[in-house]
Amino acid sequence: MKKTAYLGMFLALALICSYVESLIPFNFGIPGIKIGLANIVVIMMLYTVGMKSALLVSISRILLAGLLFGNLFSILYSLSGGLLSFFCMMMLKRTGRLRIISVSAVGGITHNFGQLCMAALVVENVRLFYYFPALLLAGVVTGVLIGAAAQEVLLRLPKNGSER
């Protein structure tokens, strides 16, 4: 199968995850807390098909999901969090010192931090950073869950395209 077909399948899967997450009613009292189901796809791609492809799918998914299920502000916040998160995860993966769950946890934390920074810029109010402790905890919890799910899927995939 061609690389573009794989990227299309990963993008479709990430969009499905985004859609499913948009249907789940979460209200933790703090805006912006989500599970981040689509990040399972991104972290799996980071560990299997490479950084450029993972980045392309991540950005494409954020733009498409924002247009389909959100608005321009959701795209702005998601891009700021998603790009910061991606580059932090990419750098940590490159070191080879952390496992996928730890890399994903850092991704969850930095995603929330990136969104919080953008929100503070948009509303011109640094008091939003009072939310950071709660967002930090949420980022760790969701990042660990997403990393564990991605790790389990990767453990069960056939190696080198061979069937089990």
Side-chain angles (χ1 to χ4, degrees), residues 5-51 53-90 92-93 99-123 128 131-157:
Y6 281 117
L7 294 179
M9 287 189 321
F10 280 123
L11 178 57
L13 183 57
L15 278 171
I16 290 168
C17 289
S18 292
Y19 177 67
V20 167
E21 186 167 13
S22 75
L23 297 176
I24 302 170
F26 284 109
N27 186 0
F28 294 104
I30 297 174
I33 294 179
K34 291 183 171 184
I35 296 174
L37 292 176
N39 293 326
I40 293 172
V41 176
V42 173
I43 195 123
M44 285 175 40
M45 289 185 72
L46 193 59
Y47 277 83
T48 57
V49 297
M51 295 172 196
S53 297
L55 179 60
L56 179 62
V57 167
S58 181
I59 291 171
S60 300
R61 193 264 320 157
I62 289 168
L63 293 173
L64 289 170
L67 291 171
L68 293 170
F69 319 121
N71 55 47
L72 290 178
F73 280 109
S74 66
I75 293 172
L76 181 66
Y77 294 137
S78 292
L79 268 177
S80 61
L83 290 174
L84 178 62
S85 171
F86 183 85
F87 287 112
C88 289
M89 290 190 303
M90 178 185 72
L92 289 174
K93 182 196 175 287
R99 302 182 96 172
I100 191 169
I101 293 174
S102 301
V103 170
S104 179
V106 170
I109 293 166
T110 55
H111 191 279
N112 287 346
F113 183 71
Q115 286 187 326
L116 189 60
C117 289
M118 184 55 69
L121 285 172
V122 168
V123 300
L128 288 179
Y131 287 123
F132 187 64
L135 292 174
L136 175 72
L137 178 62
V140 169
V141 170
T142 58
V144 166
L145 291 173
I146 293 302
Q151 178 177 293
E152 289 302 313
V153 171
L154 290 176
L155 287 172
R156 286 161 175 73
L157 286 177

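It should be emphasised that the depicted structure is a prediction, and the values quoted were computed from it without experimental measurement.
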(request) Please lay out, stage by stage, how Met45 and Leu7 fare under the test side-chain contact (heavy atoms from CB on, under 4.5 Å). (result) CA-CA 9 Å; Met45 289 185 72; Leu7 294 179; 3.7 Å; yes
(request) Kindly check if the number of other-residue, nucleotide or ligand heavy atoms within 6.0 Å of CZ (Phe132) is above 12? (result) yes
(request) Drop me the distance from Ser78's OG to Ile59's CD1, to the nearest 0.5 angstrom. (result) 12.5 Å
(request) Specify the closest pair of heavy atoms between Ile75 and Gly66, including all atoms of both residues, with the distance to one decimal. (result) CG1-CA, 3.5 Å
(message) Could you check whether any side-chain N or O of Thr110 sits under 3.5 Å from a backbone N or O of Gly107, counting only pairs where one atom can act as donor and the other as acceptor?
(response) yes
(message) If I take atom CG from residue Leu83 and atom CG from residue Leu55, how far apart are they, to the nearest 0.5 angstrom?
(response) 6.5 Å
(request) Give the C-alpha distance, both sets of side-chain angles, the deciding distance and a yes or no for side-chain contact (heavy atoms from CB on, under 4.5 Å) between Val122 and Tyr77. (result) CA-CA 10 Å; Val122 168; Tyr77 294 137; 3.8 Å; yes
(message) Looking at Thr48 and Met44, would you say the former's side chain and the latter's main chain have a donor-acceptor pair under 3.5 Å?
(response) yes
(request) Run the numbers on Leu11 and Leu64 for side-chain contact (heavy atoms from CB on, under 4.5 Å), then give the verdict. (result) CA-CA 10 Å; Leu11 178 57; Leu64 289 170; 4.0 Å; yes
(request) Indicate the atoms forming the closest heavy-atom contact of Gly139 with Thr142, along with that distance. (result) O-OG1, 3.5 Å
(request) Name all residues meeting the ring-ring contact (aromatic ring centres under 6.0 Å, His included) criterion together with Phe73; count only those two or more places apart in sequence or in a different chain, and write none if there are none. (result) none
(message) Tell me the closest heavy-atom pair linking Val103 and Lys93, and the distance in Å.
(response) CG2-N, 4.3 Å
(request) I would like to know whether Asn112 and Leu136 meet side-chain contact (heavy atoms from CB on, under 4.5 Å); could you show each step before the answer? (result) CA-CA 7 Å; Asn112 287 346; Leu136 175 72; over 6 Å; no
(message) Just verifying a value: how many Å separate His111 NE2 and Leu84 CG, rounded to the nearest 0.5 Å?
(response) 9.0 Å
(message) I'd like to know if the side chain of Ser104 and the backbone of Ile100 have a donor-acceptor N/O pair within less than 3.5 Å.
(response) no
(message) Does atom CG (Leu23) have a neighbourhood of more than 12 heavy atoms from anything else shown, all under 6.0 Å?
(response) yes
(message) Which residue in the set Ile40, Leu37, Ile35, Val42 passes side chain to side chain contact (heavy atoms under 4.5 Å, CB included) when paired with Cys17?
(response) Leu37
(request) Please say which of Ile109, Val140, Ile33 ends up in a side chain to side chain contact (heavy atoms under 4.5 Å, CB included) with Leu135. (result) Ile33
(request) Look up atom OH in Tyr6 and atom OG in Ser53, then write down how far apart they are to the nearest 0.5 Å. (result) 12.0 Å
(request) Provide the closest heavy-atom pair for Arg61 versus Ser18 in the form atom of the first, atom of the second, distance. (result) CD-OG, 3.0 Å
(request) Might you point out which heavy atoms bring Glu21 and Gly36 nearest each other, and give the distance in Å? (result) OE2-N, 2.7 Å
(request) Could you pull out the closest heavy-atom pair between Leu15 and Phe69, with the gap in Å? (result) O-CE1, 4.0 Å
(message) Working to the nearest 0.5 angstrom, can you tell me the gap between Ser58 OG and Met90 CE?
(response) 12.0 Å
